[in-house]
Every structure is written in C-alpha cells, then in structure tokens.
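Hydrogens, waters and symmetry mates are skipped; everything else that's a heavy atom, side chains included, is used. Count residues from 1 along the sequence.
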Amino acid sequence: MAAGTSKASTPSTSNIERLIEALGDPNCPHCHGAGYLRRDLPLGHPDFGKLEICACRQADVMRAVRERLFSLSHLDELKELTFETFQPRGRMGMGEWQANLLEIAFNTARQYAASLHGWLLLQGGYGCGKTHLAAAIANFAVGVGVPTLFLTVPDLLDLLRFSFNSEDTTFEDRFNEIRNAPLLVLDDFGTQNATAWAQEKLFQIVNYRYINRLPLVVTTNAPLDEIEERIRSRLKDPDLVSVLHINVPDYRRPTDDTGHPELSSLGLLAKCSFANFSLREEEGLEAGTVKSLEKANKAALAFAERPNGWLVITGSYGCGKTHLAAAIANHRAGMGTPPIFVTAPDLFDHLRATFSPTSTVSYDRRFDEIRTAPLLILDDLSTRSVSTWVREKLYQLFNYRYNAELPTVITTAETLEEIDARIRSRMLDARLCTIYAITAPAYHGARGKRGKK
C-alpha cells in the first residue's frame, strides 16, 4: 500500500475525502493521518489511483456517512414508521382479500429490508401504507448500520437545486452522495415538477443505480405509463425490480372493500355472486330464454376466472346482467385483484366532479385511472340521449381499451343498433369481444320468496 496523499496534493476533494482526512489518525503507521490509501497497482489496472479508506478510520467514516445521510433524510421525523408499528392486516373491518394483500406487502417489505437485494417498487393510492413500509425499510436498514437516504422526490430535487448556492457542499458532491447512497428510498415518485432538468437528474440517478445494481425503493401513486419512458423501462425490469401493488383503501377514509372508494359502487352489490345467480327455472320461462341465462352465466364465470378481451352482456332492465357483472367483480376482488366497477352515469359524475375547485384529483388523472384499469366493469352503458361531451369521452375510453386490449365488461339495455357506431364497431370485433344477450324479462323474485334474488 502507498500512504494516502495530503489534501494539498489533491486540488479537488469530495465531501467523503475531506471527511476521511478530518478523521485520519496521525499515529497510524499506514496512512500517517491521511485516513486513506492508494493501492500500489500497475498503470492500467481498473483500481489504479482509487482511494481506499484506511482500516484505522473505516468505522468512523461509515458512522459519519450514516449520520450525514440520516440528517438529510429527516428520518428522525419518521422514526415511528417501523415494521413494529405497521398493522399487517390493516384496520378492523377491512375486507379479507385486502388484509391478505396488505400482509403480503408487509412480509415482502420485511424480506427486502433484510436482504436489500434488487429494487422494490411500491404502488398504491393515497394512505394505503406504502410510505410507512418504505420508511420501515429505511429505519430497519439504519438500525443495522446501512447508510440510508430517504427522500421524497420533490425534496431530492430541492436538495440538488439548493446545492448550487450552498457553502457546505457542491452540486457534484450532493449529486454523488444521492446516487451512491448504499440504500436510496424515493418516496412519492411522479409528484415532482416534470421540468426537463428534473427529469434528466432523476434519470441519471436511477440509471446509475440500475447499472451498478444499487438497492432502491420507490413509492408512487402514479401509473407507470405517466413516468418518464427511460425510467419506466428500468422500473419494469423483472430481473431487478419486485413490484408490490397495494390496492387497499386510504386508511383515513371509511373502509371500502373494492379498493376504489371514490369510484366503485360494488359495495352496494357485495351479495351478488355466481352461487346465488338464479337461472329462474321455477318461472316456467321458455327453453331458449333459460338457455340465454345459462350461457351468460357460464361465460361470466369463465371471464371471472381469467379476464381476457371484452365481455358484453345485453338485455332488458332487471334481467340479471348487472348481477353477473357484479359477480365477476366480487370474484376478482376475492382473488385480491378488484376491478373498477362503476355504472356509466356515475362514471361521468365522477369525471365532472374533478372540475370542481375542491377536487383533490385532476380530470386527467381520474380519466386515466379509469381507461387504464387492469379490469373495468361498466354497468348500464347507454349512448342514447347523452351529451356530445359524454359521447366523446365514451369513445375515447373504449377506443383506448380496444387498442390496448384491456379486459372490459359492459352491460347495456340498448340493442347494438342503438349503440354509438364507433363503439359498436369495436364491440363487433369477434377477435376481442364476445356478446351475450339475455332474453329473459325483468326478474321479480320467486313466488313466496320476496326480496330474494
């Protein structure tokens, strides 16, 4: 080993180099107080000229780095967000499938904290627990001595901007400090001001950690499609990234088993299942009518088991099509992947509500949430007697899902001839869409069993 050079011989020194020099032991026989060494290696060796912390100060330097990153993170303000304070099964009254989903997320986060292998992406709405889990990972890592930087993305960008005028550090030092942190946790990804500069800095940080396989935890409530393309491609790498979709309600809101408390009306139809769907044999319906119920029921059950393409169920009001649509939704929710279930009139009320000054969500975000839903169930579709705006939004919605081939269930009391021609043309594409017509009249309940359907 060659003894470490003095500060005077290194005209450009980083925060880490200055820190090592400040902690250097003047009595050390190896570094003579410099705090680091340069290995005696031949010219051309990949490690030629690189600094190596002297053994006399490795522990002190690592402790100082941990403390500096901890202070930048403000983790002391999040010290209560630990695995011990997280409720793995959620709140009292949460649906069984949601409690299971949350417990899986909890266990996965704990396993990640213990290994810090690869990346972990936590996706979910506001208040679902993703920030708590991310902070718990950070607090656990700090507790076992791993230098950790926990930042919301807007705060990260502010740190970089402020470093331009800082007397304490340079932009280059701060930037390297962030991208080289042994563990980096980025909270609220996608909420930052998407300037070209911000996008470029974020990409450089993410790409650096991607190339060097450095541990990264990201939380976001934004769809991946809204994240810059270069970053999105790295977050989608299945060999590096584990993705957790925490599809549970905001803990600050009343519990809603659908996972979409602001959109879904499925809670009103929680009792609709395939087990209690009536084929109405006792009513003496014609054989062809009963057959239409059987076919629709069988198709709906098959779709619920494996959503693929579009399923359209037509029929008069009260014939059972809404029951089957709700049964599909409840079946999927029971499997831990609840769809968005909404009636067409309610859907447009939700969209209009985003124009209110008091709305907490933008129109673009809400519309995108609906049109990109992994499974959308739209009940009571009607394109007659609707405004031009509604007709256009329906077309945009269905055209997007048609091109993306996203699983969709539609119920309507209108005939195909009455449906808007642009939407009808997509429904008639047999490669994607299957149509089932229920010819039964409105169901009024079996005689002597009023109220039971």
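Salt-bridge annotation for Arg426 and Asp429: absent, with no side-chain N of the basic residue lying under 4.0 Å from a carboxylate O of the acidic one.
The closest donor-acceptor contact from the side chain of Arg234 to the backbone of Val206 lies at 3.5 Å or more, if one exists at all. The main-chain N or O of Phe162 is never found under 3.5 Å from a side-chain atom of Ser166 such that the two would form a donor-acceptor pair. Put simply, the side chain of Asn297 never gets that close to the backbone of Leu279: no donor and acceptor are under 3.5 Å apart. In this structure a side-chain-to-backbone donor-acceptor pair under 3.5 Å is present from Ser115 to Gln111. Without hydrogens or angle criteria, Glu286 side chain to Gly288 main chain gives no donor-acceptor distance under 3.5 Å. A donor-acceptor pair under 3.5 Å links the side-chain atoms of Thr195 to the main chain of Ala198, judged by distance alone. Side chain of Arg89 to backbone of Glu103: no donor-acceptor contact under 3.5 angstrom is found. The backbone N or O of Thr439 lies less than 3.5 Å from a partner atom in the side chain of Ser292, making a donor-acceptor pair. With Thr108 contributing its side chain and Ile104 its backbone, the two residues share a donor-acceptor pair below 3.5 Å. Using a distance-only test at 3.5 Å, with no hydrogens or angles considered, no donor-acceptor pair links the side chain of Arg422 to the main chain of Asn399.
Annotation: side chain of Lys236 is not in contact with side chain of Val241 (no heavy-atom distance under 4.5 Å). Between Arg391 and Tyr395 the shortest side-chain heavy-atom distance does not fall below 4.5 Å. Two residues are said to be in side-chain contact when any heavy atoms from C-beta on lie closer than 4.5 Å; Tyr208 and Asn180 meet this criterion. Residues Leu78 and Phe150 meet the side-chain proximity criterion, which asks for heavy atoms closer than 4.5 Å. Residues His245 and Val243 are in side-chain contact: their nearest non-hydrogen atoms beyond the backbone lie under 4.5 Å apart.
From Cys272, atom SG reaches atom CZ of Phe277 across 10.0 Å, with rounding to the nearest 0.5 Å. With rounding to the nearest 0.5 angstrom, the CG atom of Leu186 is 8.0 Å from the CG atom of Leu149. Here SG of Cys433 is found 7.5 Å from CG of Leu311. Values are rounded to the nearest 0.5 Å. Expressed to the nearest 0.5 Å, how far CG of Asp346 lies from CZ of Phe341 amounts to 10.0 Å.
Between Tyr402 and Phe398, a ring centre-to-centre spacing not shorter than 6.0 Å is recorded.
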Problem set entry | Criterion side-chain hydrogen bond (donor to acceptor under 3.5 Å, both in side chains) on Thr408 and Arg401, from CA distance to verdict | CA-CA 8 Å; Thr408 307; Arg401 298 188 68 82; 2.8 Å; yes
For this session: Check the pair Arg209, Asn212 against side-chain hydrogen bond (donor to acceptor under 3.5 Å, both in side chains), reporting the backbone distance first and the verdict last.
Result: CA-CA 5 Å; Arg209 300 187 72 85; Asn212 292 281; over 6 Å; no
Problem set entry | Intermediate values then yes/no, side chain to side chain contact (heavy atoms under 4.5 Å, CB included), Leu376 and Leu406 | CA-CA 8 Å; Leu376 173 65; Leu406 292 172; over 6 Å; no
Exercise. Please walk me through it: do Glu200 and Arg230 pass salt bridge (Lys or Arg N to Asp or Glu O under 4.0 Å)?
Worked result: CA-CA 10 Å; Glu200 193 60 31; Arg230 296 172 299 172; 3.1 Å; yes
For this session: Show the numbers, then the answer: is there a side-chain hydrogen bond (donor to acceptor under 3.5 Å, both in side chains) between His132 and Thr85?
Result: CA-CA 9 Å; His132 189 141; Thr85 61; 3.2 Å; yes
For this session: Decide side-chain hydrogen bond (donor to acceptor under 3.5 Å, both in side chains) for Thr343 and Asp380; before the verdict, give the C-alpha distance in whole Å, the side-chain angles of both, and the deciding distance to 0.1 Å.
Result: CA-CA 6 Å; Thr343 67; Asp380 198 18; over 6 Å; no
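Under the 30°/60° scheme for interplanar angles, the aromatic rings of Phe164 and Trp197 are found to be tilted.
In the model, Thr152 has no side-chain atom that pairs as donor or acceptor with a side-chain atom of Asp188 under 3.5 Å.
More than 12 non-hydrogen atoms from other residues, nucleotides or ligands lie less than 6.0 angstrom from CD of Glu305. Within a 6.0 Å radius of CG in Asn308, no more than 12 heavy atoms belonging to other residues, nucleotides or ligands are found.
For the side chain to side chain contact (heavy atoms under 4.5 Å, CB included) test with Leu381, the passing option among Thr314, Val312, Ile410, Thr411 is Ile410; the others fail. For the side chain to side chain contact (heavy atoms under 4.5 Å, CB included) with Gln123, the qualifying choice from Ile246, Val218, Leu224 is Leu224, the only one to do so. Residue Pro339 forms a side chain to side chain contact (heavy atoms under 4.5 Å, CB included) with just one option from Leu375, Ile328, Asn330, and that option is Leu375.
A cation-pi arrangement is not found for Arg306 relative to Phe303, the charged atom failing to lie both closer than 6.0 Å to the ring centre and inside a 45° cone about the ring normal. For the pair Lys393 and Phe348, the NZ or CZ position fails the cation-pi test of under 6.0 Å to the six-membered ring centre and within 45 degrees of the ring normal.
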